[in-house]
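In what follows, every heavy atom counts, from backbone to side chain, and hydrogens, waters and symmetry copies are set aside. Quick note on labels: first sequence line is chain A, next is B, and so on, each numbered from 1.
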Number of protein chains: 2
Amino acid sequence: MQKKSLRLKPVVAVDIGGSKMIVALFSGEGRMLAIKVLPTLAQEGVDSAIERLCSMINEILSGNNLSPSECGAICIASAGAVDTVRGVVETASPHLPGWTNIPLADIIYKRMGVPTYLINDASAAALGEQRYGVGKGIKNLVLLTLGTGIGGGIIIDGKLYLGTHTAAGELGHMTVQEGGPKCGCGKNGCLEIFASGTDIARYARERIRNGEKSSLIDSVGEELDKITSEMVGKAAQNGDKLSKDIIAKAAYYLGIGLVNIVNAFDPEMVIIGGGMSALGDMLIGTGRRMVAAQAFSKSARKTSIVIGKLGNEAGVYGTAAYALDMKRKA
Amino acid sequence: MQKKSLRLKPVVAVDIGGSKMIVALFSGEGRMLAIKVLPTLAQEGVDSAIERLCSMINEILSGNNLSPSECGAICIASAGAVDTVRGVVETASPHLPGWTNIPLADIIYKRMGVPTYLINDASAAALGEQRYGVGKGIKNLVLLTLGTGIGGGIIIDGKLYLGTHTAAGELGHMTVQEGGPKCGCGKNGCLEIFASGTDIARYARERIRNGEKSSLIDSVGEELDKITSEMVGKAAQNGDKLSKDIIAKAAYYLGIGLVNIVNAFDPEMVIIGGGMSALGDMLIGTGRRMVAAQAFSKSARKTSIVIGKLGNEAGVYGTAAYALDMKRKA
């Protein structure tokens, strides 16, 4: 009997976020060969984004002398609630208006002729950090991505845990303040409304409009809409009082979420990823102290709370790992 | 080669709660043969409880014509944070004062001469309902016990999930109201402080002391300390306005917790057990509606929220299942 060859074709991994799309090519052995970033331009609609995405996939393949038929799989990580089994972006993320009930896997398969998978972006990031990053070899971990929104991914017993409807890990929509501000998901007081990049930038704009002083004004002048969470983070690191205050508040609510996560999952590690994670200890120091002081189990108080190692690329790394796993099983 | 015999000796399953201890004898095939209940009398201290527990174990064995050497294992489910690997009750449950760093498995093993295991009581209840109860055959489920305190147990992929330090599932200590009332665990605004039996009875006493009218006064007169959560539940079912209000408040915070649990775990089913679960729909109706309206994923909104089938015996059923699993592996 001949042993089945494990040689796999290269795969394309895509990560669609609220603000940008990342497209990467991986070898069948899981090595990244190329990576491209393009803006999502969510406001231009789904068709436009898919159009530009397919062009980019063709570009990255041809740039590496590959035809679509030489590509083993395309795997797309998307924000929002994703039905991995049917390949459908089900509930629009508040940050991807219009992406509701989009059969994305089918659409891409029909256009590219390549088997296409779909997973949630934060689940992908969790798998990425566990296979390639700071969580390498760890059996039980939870990852939170703090970007445009807040997503979560869960690894249990070394495997990606997706839940019954592939909807597990929506940790950004954990109520941490009953009756708190209204979140894009329709519920009140979600972690996301306190600690996502979108809301951090919004708090800065609102407080400046209400007359508070900030060095952010030096950067954007009257055009307060230009304030981004990255700018708030930088200003906080440079000592701007308003920005420090906003980041401290986000860090505190993140801490409440982290204690809840440690109490629920007792993971070996919680990884913070996404754009906001660039703030490092300024973002997670408070949460680390809260977990060390407040987790119910004394042993669980030792849980490592760390910043991801792969930055914004965690999603495509995990997406590629997922696609290669699926091909191995096939 | 001879097939290893799977015939197992009977096991004793114990469930130590904040108010009572249940001791049950199970056959090696997992059939319950006998069950006894005795009060924990937590205020009399750990030694007294262990003394009475050992007498009861001896009594149930001899009552079934068994000597300790004919017993395959003792398995104890305890409230509080439990180190299952070392067999130590680690963090005292707020409802078991003094039960801190008690090497319970060793103590019982030394006294009884029978291999002894220890697990968390709500984890045991989750396993019980999944093997014998309403969750039979379900792969991913979460159980909440609403009793003296609030505990949680998690089944992932058909197996009990205990986490890295066997401390997973502490869902009663999920912050649902930032800055809310102080919980016995030291943190503020935990689910437990709003919906546990202890707190439901306390709210009734406080509000009556503050002058509110209630049919509960007819039952206890001046002795408000005699008010129990069961009495509040019964009075609510009989239309007592104060009691209905207190149960409605507990049900609402339970609903917030349930939405968080569904968002995090996307389980097939959430089971509500413990003494308060006798209230049925009055307790979980609100949570069902909240999950159906607020869970992030539209698919996860269909998650079944049900009352456990095994009542207060879920813990001993699961404890026996755990002990028999351990013996099968040994």
Checking the side chain of A:Tyr161 only, and the main-chain atoms of B:Phe265 only, is there a donor and an acceptor separated by less than 3.5 Å? yes

To the nearest 0.5 Å, how far apart are [atom1] in [X] and [atom2] in [Y]?
{"X": "A:Asn260", "Y": "B:Cys190", "atom1": "CG", "atom2": "SG", "answer": "8.0 Å"}
{"X": "A:Thr175", "Y": "B:Asn263", "atom1": "OG1", "atom2": "CG", "answer": "8.0 Å"}
{"X": "A:Asn101", "Y": "B:Lys298", "atom1": "CG", "atom2": "NZ", "answer": "7.5 Å"}

Search all heavy atoms of [X] against all heavy atoms of [Y] and return the closest pair with its distance.
{"X": "A:Ala264", "Y": "B:Leu171", "value": "CB-CD2, 3.6 Å"}
{"X": "B:Glu178", "Y": "A:Ile256", "value": "CG-CD1, 3.5 Å"}
{"X": "A:Phe296", "Y": "B:Cys185", "value": "CD1-CB, 3.9 Å"}
{"X": "A:Gln294", "Y": "B:Lys187", "value": "OE1-CD, 3.4 Å"}

Between A:Asn140, A:Asp266, A:Thr166, which residue shows the highest count of heavy-atom pairs closer than 4.5 Å to chain B? A:Asp266

Under 4.5 Å from any heavy atom of chain B, what part of [X] do you find: side chain, backbone, both or neither?
{"X": "A:Leu162", "result": "backbone"}
{"X": "A:Val82", "result": "neither"}
{"X": "A:Lys159", "result": "side chain"}

May I ask you to test the B:Glu170-A:Val262 pair for a side-chain heavy-atom distance under 4.5 Å?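 They are not in side-chain contact.
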
Quick one, B:Val259 with A:Met174, criterion side-chain contact (heavy atoms from CB on, under 4.5 Å). Give me CA distance, side-chain angles, the key distance, then yes/no. CA-CA 8 Å; B:Val259 175; A:Met174 179 197 314; over 6 Å; no

Quick one about A:Glu90 and B:Ser299 (side-chain donor to acceptor, distance below 3.5 Å, no hydrogens or angles considered), yes or no? yes

Please identify, among B:Gly186, B:Pro267, B:Gly180, the residue contributing the most non-hydrogen atom pairs under 4.5 Å to chain A.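 When all of B:Gly186, B:Pro267, B:Gly180 are compared, B:Pro267 has the most.
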
